[in-house]
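Here is the structure we will look at, set down as structure tokens.
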Amino acid sequence: MTRLVRARKNGIAKRGSVGVLAIAAAALVAVSGCGGGSPTSAANDGSGKEGPALSQAIAPDKWVSNSSEFKEAANWDSAKEVSVTLGAGTLTPSNLELVAGQPYVIEIKNGDTADHGWSALEFLRASAIRKVESPSSEIKMKLIKTINVRAGKSMPIFVVPVLPGVTKMEGLTNGSPAAGMTGTISVTGPAPTKPAPVIESLSTVGEVAAAADLVKAAQPAWNTAASVTIEMGDNADVHFFKPKVTTLKVGVPIILTFVNKGKVLHEYDAADLFKTMAVWKVSNAEGWVEGAVVRPADLEAGGQSSLYVIPTKAGTYKLADSTPGMESMAATIEVVA
Ligand SMILES: [Cu+2]
């Protein structure tokens, strides 16, 4: 279902090695893409070089919903390591070349002295994302929208590109696209068949209703919002969360921080609660990830992750470490009206 959605400035598409482009080239149509519509080069890195023309990998309202099957099927020991480097007004490489079905660790590096984000939503929707894993903690979400890296740090993404296409990537400064920080991601080869991609409406991500509006309204005051910390720890064989009961309020933005004060890796799993929360971001020492529906994730000893979330549904939710042997780690998060 790959088709060319955007022509180059001069109307001449470079084909590169993507065979499907040749087929689609006859049907060149200029469409304003999301976040742009500017007729400039898709991969203008400021050097004057032009990258391949964009070729849609997946419709704007769809995603590959069976990430977990790709995660299970992939041999992560054979994952290829590639990197993207964000700089002041630069994004390198200008075209990241990947092969469908191959697991990758894409390291998003920030070589600058200021924080920068990386946005490649179409690629992320057309791929199976396992996790973002920086040295201090994992961050997992059902749908990842942007990855933001603190100055001098890096955030690796564990991903299997699924649907071929040439999609846009952008570097962000203060959350907005920045001049010169644009490029493309070319995924070549046929889409894998084992497992076969399941392509569903974005509504199946299960993001809570009006999450975007709730988050936007809360953002200006969020950095000074109430914060709650839940510690994870271990004394020999006894593993625990502290406190045992945490209370949150429906509709009140919170910074919910999990800190691993123990000696071993622990997981925070409150999946039933996470499904009911609007999410801005999950933040750690290396950066922060914006997206929809937080998923349970691991924290290394000494690691910490902060969830910027708004609970939307009253209830009593279980907090656990669902790793075998961690059954003693049981706690409760209450959400009150
Ligand atoms: Cu544990």
Side-chain angles (χ1 to χ4, degrees), residues 67-72 74 76-77 79 103 105 128-144 147 153-159 206 226-248 254-277 279-289 291-311 313 315-336:
S67 290
S68 60
E69 290 184 64
F70 287 99
K71 181 207 124 184
E72 294 302 329
W76 291 97
D77 291 337
V105 178
I129 313 297
R130 181 179 166 196
K131 60 181 173 179
V132 172
E133 186 182 278
S134 53
S136 65
S137 74
E138 297 184 324
I139 297 177
K140 293 183 176 177
M141 289 190 192
K142 277 186 86 175
L143 181 69
I144 286 175
I147 294 168
K153 304 287 188 190
S154 89
M155 301 277 278
I157 318 170
F158 289 61
V159 56
S227 71
V228 167
T229 297
I230 300 177
E231 293 180 9
M232 306 145 101
D234 47 80
N235 283 322
D237 290 344
V238 184
H239 298 221
F240 54 87
F241 288 107
K242 196 173 115 186
K244 286 278 169 217
V245 180
T246 299
T247 304
L248 308 178
I254 186 95
I255 303 170
L256 176 60
T257 298
F258 292 98
V259 186
N260 185 349
K261 300 231 169 176
K263 296 184 187 66
V264 300
L265 180 144
H266 295 291
E267 182 195 36
Y268 57 91
D269 180 354
D272 290 340
L273 169 65
F274 295 163
K275 285 177 206 155
T276 71
M277 298 189 309
V279 184
W280 173 17
K281 61 184 176 182
V282 177
S283 177
N284 68 17
E286 290 81 21
W288 64 98
V289 175
V293 191
V294 175
R295 291 172 48 223
D298 292 336
L299 285 179
E300 299 289 342
Q304 104 173 36
S305 285
S306 292
L307 284 55
Y308 287 62
V309 288
I310 306 173
K313 200 168 172 232
T316 301
Y317 300 93
K318 223 168 64 177
L319 171 63
D321 178 338
S322 48
T323 314
M326 295 279 181
E327 290 77 11
S328 64
M329 291 185 75
T332 301
I333 300 178
E334 283 179 347
V335 178
V336 298

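Remember, it's a predicted structure, so these values are computed and weren't measured experimentally. For the numbers below, each heavy atom of this structure counts, side chains included, while hydrogens, waters and symmetry mates do not. First listed ligand is number 1; within each ligand, the first listed atom is number 1.
With 3.5 Å as the limit, one finds a donor-acceptor pair spanning the side chains of S322 and E267. For the residue pair S136 and E286, a side-chain donor N or O sits within less than 3.5 Å of a side-chain acceptor on the partner.
Among protein atoms, those of element N, O or S found less than 2.8 Å away from the Cu ion (ligand 1) are H266 ND1, D321 OD2, M326 SD, M329 SD.
Contact annotation: the side chain of V279 approaches that of M141 to within less than 4.5 Å [non-hydrogen atoms, C-beta and beyond]. Annotation: side chain of D298 is not in contact with side chain of K131 (no heavy-atom distance under 4.5 Å). Between T316 and E334, the closest side-chain pair of non-hydrogen atoms falls below 4.5 Å.
Although no hydrogens or angles enter the test, the distance criterion places no donor-acceptor pair under 3.5 Å between the side chain of W76 and the main chain of V105.
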